[in-house]
Asker: 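Quick one: structure below, then a few questions.
Predicted model, so just to flag it, every value in this text is computed and none were measured.
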Amino acid sequence: QVQLVESGGGLVQAGGSLRLSCAASARTFSNYAMGWFRQAPGKEREFVAVISRTGGSTYYADSVKGRFTISRDNAKNTVYLQMNSLKPEDTAVYYCAGKGGGISWTRRSYDYWGQGTQVTVSS
């Protein structure tokens with residue numbers, strides 16, 4: 001199986017920044033589009049960002065566009081989420097996810113999921 005492990009979450013004040021990392025145990029990491037999702041307490045898990053296999057294409061949820069940047073380093077089997085200008089409403093557990101083929105914004109299309117990392121943004 002493909003294992004995904006997120007790191008980099010924590011507590012930050014509004015307006016601050018965090019950089020999340022997701023390390024994948026996959027020999028063919030470049031075969032997977034990689035996405036980030038998040039889930040706040042009592043809410044549905046929602047799409048945040050996705051990056052294509054080679055990093056040539058990205059897509060963001062409107063709520064984070066202009067503030068978050070997804071990137072990947074296929075040589076290191078790692079995908080990143082740079083989060084700037086954080087808001088309290090960004091507070092959630094953030095999940096890394098992978099899927100074969102092209103990019104997608106639907107969580108049901110993803111085959112592999114990490115354990116999640118908590119991001120808390122204080123007012």
Asker: Should the pair Tyr110 and Phe37 be assigned to parallel (<30°), tilted (30 to 60°) or perpendicular (>60°) ring geometry?
Answerer: perpendicular
Asker: After noting the C-alpha distance and the side-chain angles of Ile103 and Ile51, does the key distance pass the side chain to side chain contact (heavy atoms under 4.5 Å, CB included) rule?
Answerer: CA-CA 6 Å; Ile103 61 175; Ile51 188 166; 6.0 Å; no
Asker: Give the cluster check for Leu81 versus Val93: same hydrophobic cluster or not, with ILVMFWY residues linked at side-chain heavy-atom distances below 4.5 Å.
Answerer: no
Asker: Determine the minimum heavy-atom distance between Ser30 and Asn74, stating which atoms define it.
Answerer: CB-ND2, 3.5 Å
Asker: Under 4.5 Å between side-chain heavy atoms, counting indirect links through other Ile/Leu/Val/Met/Phe/Trp/Tyr residues: same cluster for Val50 and Phe29 or not?
Answerer: no
Asker: Which atoms form the tightest heavy-atom contact between Ala40 and Ala92, and what is the distance?
Answerer: N-CB, 3.8 Å
Asker: Can Leu18 be reached from Met34 by stepping across I, L, V, M, F, W or Y side chains whose heavy atoms are under 4.5 Å apart?
Answerer: yes
Asker: Which atoms form the tightest heavy-atom contact between Tyr95 and Gly114, and what is the distance?
Answerer: CD2-O, 3.6 Å
Asker: May I have the step-by-step check of side chain to side chain contact (heavy atoms under 4.5 Å, CB included) for Ser7 and Leu20, ending in yes or no?
Answerer: CA-CA 6 Å; Ser7 62; Leu20 305 183; over 6 Å; no
Asker: For Lys43, does the NZ atom sit with more than 12 other heavy atoms under 6.0 Å from it, leaving out its own atoms?
Answerer: no
Asker: Side chains of Glu46 and Gln39: donor-acceptor distance under 3.5 Å anywhere?
Answerer: no
Asker: Does the Arg53 side chain pair with the main chain of Ala33, one donor and one acceptor, at a distance under 3.5 Å?
Answerer: no
Asker: Roughly how far, to the nearest 0.5 Å, is CE of Met83 from CD1 of Ile70?
Answerer: 12.0 Å
Asker: Start with the C-alpha gap between Leu86 and Phe68, add the side-chain angles, then the distance that decides, and say whether side chain to side chain contact (heavy atoms under 4.5 Å, CB included) holds.
Answerer: CA-CA 9 Å; Leu86 283 162; Phe68 291 10; 3.8 Å; yes
Asker: I need the minimum non-hydrogen distance between Ser17 and Gln82, along with the two atoms involved.
Answerer: CB-NE2, 4.0 Å
Asker: Are the aromatic rings of Trp36 and Tyr94 close, with centres under 6.0 Å apart?
Answerer: no
Asker: Under the 3.5 angstrom rule, does the side chain of Thr106 hit a backbone N or O of Arg108 as a donor-acceptor pair?
Answerer: no
Asker: Per the disulfide bond (SG atoms under 2.5 Å apart) rule, what does the pair list look like for residues 23-86, sequence neighbours excluded?
Answerer: none
Asker: Which heavy-atom pair separates Ser21 from Thr78 by the least distance, and what is that distance?
Answerer: CB-CG2, 4.4 Å
Asker: Quick check: closest heavy atoms across Arg19 and Ser71, and the distance to 0.1 Å?
Answerer: NH2-OG, 3.8 Å
Asker: Enter the distance from Cys22:SG to Tyr112:OH here, rounded to the nearest 0.5 Å.
Answerer: 13.5 Å
Asker: Any chain of hydrophobic side-chain contacts (each under 4.5 Å) joining Phe47 to Tyr80?
Answerer: no
Asker: Less than 6.0 angstrom from the centroid, inside 45 degrees of the normal: does Arg107 satisfy that with respect to the ring of Trp113?
Answerer: no
Asker: Looking at Glu6, is its backbone amide N or carbonyl O close enough to the side chain of Gln115 to form a donor-acceptor pair, meaning the two atoms are under 3.5 Å apart?
Answerer: yes
Asker: Quick one: which residue pairs count as a salt bridge (Lys or Arg N to Asp or Glu O under 4.0 Å) with a foot in residues 84-106, not counting sequence neighbours?
Answerer: Arg38-Asp90, Arg67-Asp90
Asker: Whether the side chain of Thr91 engages the backbone of Thr120 through a donor-acceptor N/O pair (distance < 3.5 Å, no angle test) should be reported.
Answerer: no
